[in-house]
There are 2 protein chains.
Amino acid sequence: MSTSPNISCANCRISELCLPFSLSNSELNLLDEIIKRKKPIQKNQTLFKIGDTLSGLYAIRSGTFKSYIENAQGEHQVTGFHLPGDVIGFDALADKTHPGTTQALETAMVCEIPYDVLDQLSNQIPRLKMQIMSLMSAELNYNQRHLLSINQESAAQKLARFLVKFGDRLAERQLSSKEFQLPMTRTDLGNYLGLTVETVSRLLSRFQQNQWITLDKKFVTIIDHSALLQLTD
Amino acid sequence: MSTSPNISCANCRISELCLPFSLSNSELNLLDEIIKRKKPIQKNQTLFKIGDTLSGLYAIRSGTFKSYIENAQGEHQVTGFHLPGDVIGFDALADKTHPGTTQALETAMVCEIPYDVLDQLSNQIPRLKMQIMSLMSAELNYNQRHLLSINQESAAQKLARFLVKFGDRLAERQLSSKEFQLPMTRTDLGNYLGLTVETVSRLLSRFQQNQWITLDKKFVTIIDHSALLQLTD
DNA sequence: CGTTGCATTGAGCGATGTCAAAGCCTGTGG
DNA sequence: CCACAGGCTTTGACATCGCTCAATGCAACG
């Protein structure tokens, strides 16, 4: 089954990721009607920008994205990387405006869930409302864990944890947790982890020397998973 | 008007903070019926602990709290400080279990909004549902900004920003943004900001030497607000 | 009045940032 | 198809900010 533009929610292979709750067929069909399938988004194109009015939430069908906010001087802070099945845009619900920019790291497909219709529909389908709250809650949790890592771990620990977690997220999507592409640049990765590019590069080299991973540009193979894990706790 | 245990939502002086949306009187009365007013929570007592089953959300009527999560070794990461009017517990919605502990920093009063009733009521009052999502979204935003500060700013910048922001949050509550108690220990503050106690202590001393603040134990007076602001951008 | 937790201050060091240079891809246009 | 430009990555030398370790001070409380 492909992720072609015209597939329905009921048949979408990532529906259990983006809205992983047991909706009835009739509920799924309701949802299906409101979802807009957008045309492909090319690498480096933005899905929305800082200050854009909230149009809707987005479920990623394929491809990966990064999100970032800016400080007063226009410097970026990468706030997350998003994979197929992720739903993004929750941070815009508060003031109906996106606080950050979300940009494709490779060609991607998304479904838009228009905000106003979602609002109505979540009244008709209580489970949908709960599901959205649950996703937002999970994001809060994820960010808390990230803060813990950022604040308390060494550069090597942060990077090792990132690699393992990224693999875990891929595994949830039936992909290999041990062999994968890192879709982001070293700079983006360093920015996310609070490290400089140079540190990221040096550490990746060291991990490779230690025979913990192999590296071919953006392609990572985790050889010694337990060594990485051990570093993180 | 006091924050006595038996006051109704309609008359609560912080209702526009904890649920700052225009509910009709009948809606307010509905909300009023479900809210449990808890007995006072003493300093160092916990409101809930890591792993506790979600009972409900909590609106703080008076007092302050800190929240923290733990890593595998039991080390704490302070994830936030909560003031009157804040609603906490959203991070437990995902798996109906609190991922962290919330502890009173001084004697406090809270209202509990039982989860199951909230769930039902949010179906009857769509605006309540939106309000909750909005609060969660705002928390996501706040955490993103915190990450930016943690990752990109120097120790002095982080601390200066914290002092200004804390003052701002007090101002939103009609309290002085320039003269206030820091309810947390230096250790908690350092932990939150990703700094050691010693660094926090040294910086506070330096800020005082620079005539930017005065310090008397936990009581802070901001003398040169603009100097602190300037440091942060 | 002793104990205990919290805060302050100093000295020294090390992890990570900064600065610099070179190499390597990728995409583009001739 | 090749040459070039620009961006990304790697590696090295060096500097420094904030951490670690240690000691002292201070206040609250039993």
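- In terms of position on DNA chain C, the residue among Val197(B) and Glu198(A) whose nearest nucleotide sits closer to the 5' end is Val197(B).
- Rounded to an integer number of Å, the gap from Glu153(B) CD to dG17(C) P is 15 Å.
- Closest to the side chain of Thr199(B), from the set dG18(D), dT26(C), dT20(D), is dG18(D).
- Ring orientation note: the planes of Trp212(B) and Phe207(B) are tilted relative to one another, at an angle of 30° to 60°.
- Across the protein-nucleic acid pair, Leu182(A) atom CG and dC8(D) atom C1' stand 14 Å apart, rounded to whole Å.
- Distance check: Asn191(B) CG to Glu75(B) CD gives 9.5 Å after rounding to the nearest 0.5 Å.
- Atom NZ in Lys158(A) sits roughly 10 Å away from atom C1' in dT16(C) (whole-Å rounding).
- Relative to the side chain of Thr185(A), the nucleotides dC8(D), dT16(C), dA7(C) differ in distance, and dC8(D) lies closest.
- Residue Leu204(B) is classed as having no contact, given no heavy-atom separation below 4.0 Å to the nucleic acid.
- If you check distances only, the side chain of Arg202(B) does reach the base of dT20(D) with a donor-acceptor pair under 3.5 Å.
- A donor-acceptor pair shorter than 3.5 Å can be found between the side chains of Asp224(A) and Ser226(A).
- For Arg206(B) and dC17(D), the CZ to P distance is 9 Å, given to the nearest whole Å.
- The phosphate of dA7(C) has OP1 or OP2 within less than 4.0 Å of a side-chain N or O from Lys218(B).
- In this entry the distance linking CZ of Phe207(A) with C1' of dT10(D) reads 16 Å, nearest Å.
- A donor-acceptor contact shorter than 3.5 Å links the side chain of Asn141(B) to the backbone of Asp91(A).
- Rounded to whole angstrom, the span from the CG atom of Leu203(B) across to the C1' atom of dA7(C) amounts to 14 Å.
- Computed from coordinates, the Gln208(B) CD to dA7(C) P distance equals 14 Å when rounded to whole Å.
- Distance from the side chain of Leu215(A) is smallest for dT10(D) among the nucleotides dA7(C), dT10(D), dT11(D).
- Nucleic acid contact class of Gly194(A) (heavy atoms, under 4.0 Å, all strands): sugar-phosphate only.
- Taking the charged nitrogens against the carboxylate oxygens, Arg169(A) and Asp86(A) do have a contact shorter than 4.0 Å, which makes a salt bridge.
- Contact annotation: Lys217(A) side-chain N/O to dC25(C) OP1/OP2 distance is under 4.0 Å.
- Of the listed nucleotides (dC26(D), dT20(D), dT9(D)), dT20(D) has the atom at the smallest distance from the side chain of Thr196(B).
- Of the candidates dC8(D), dT20(D), dT9(C), dT9(C) carries the atom nearest the Ser201(B) side chain, counting heavy atoms from C-beta on.
- The nearest whole Å value for the distance from the CD atom in Gln181(A) to the C1' atom in dC8(D) is 15 Å.
- For Ser205(A), the side-chain atoms get nearest to dT11(D) when compared with the rest of dT11(D), dT20(D), dT8(C).
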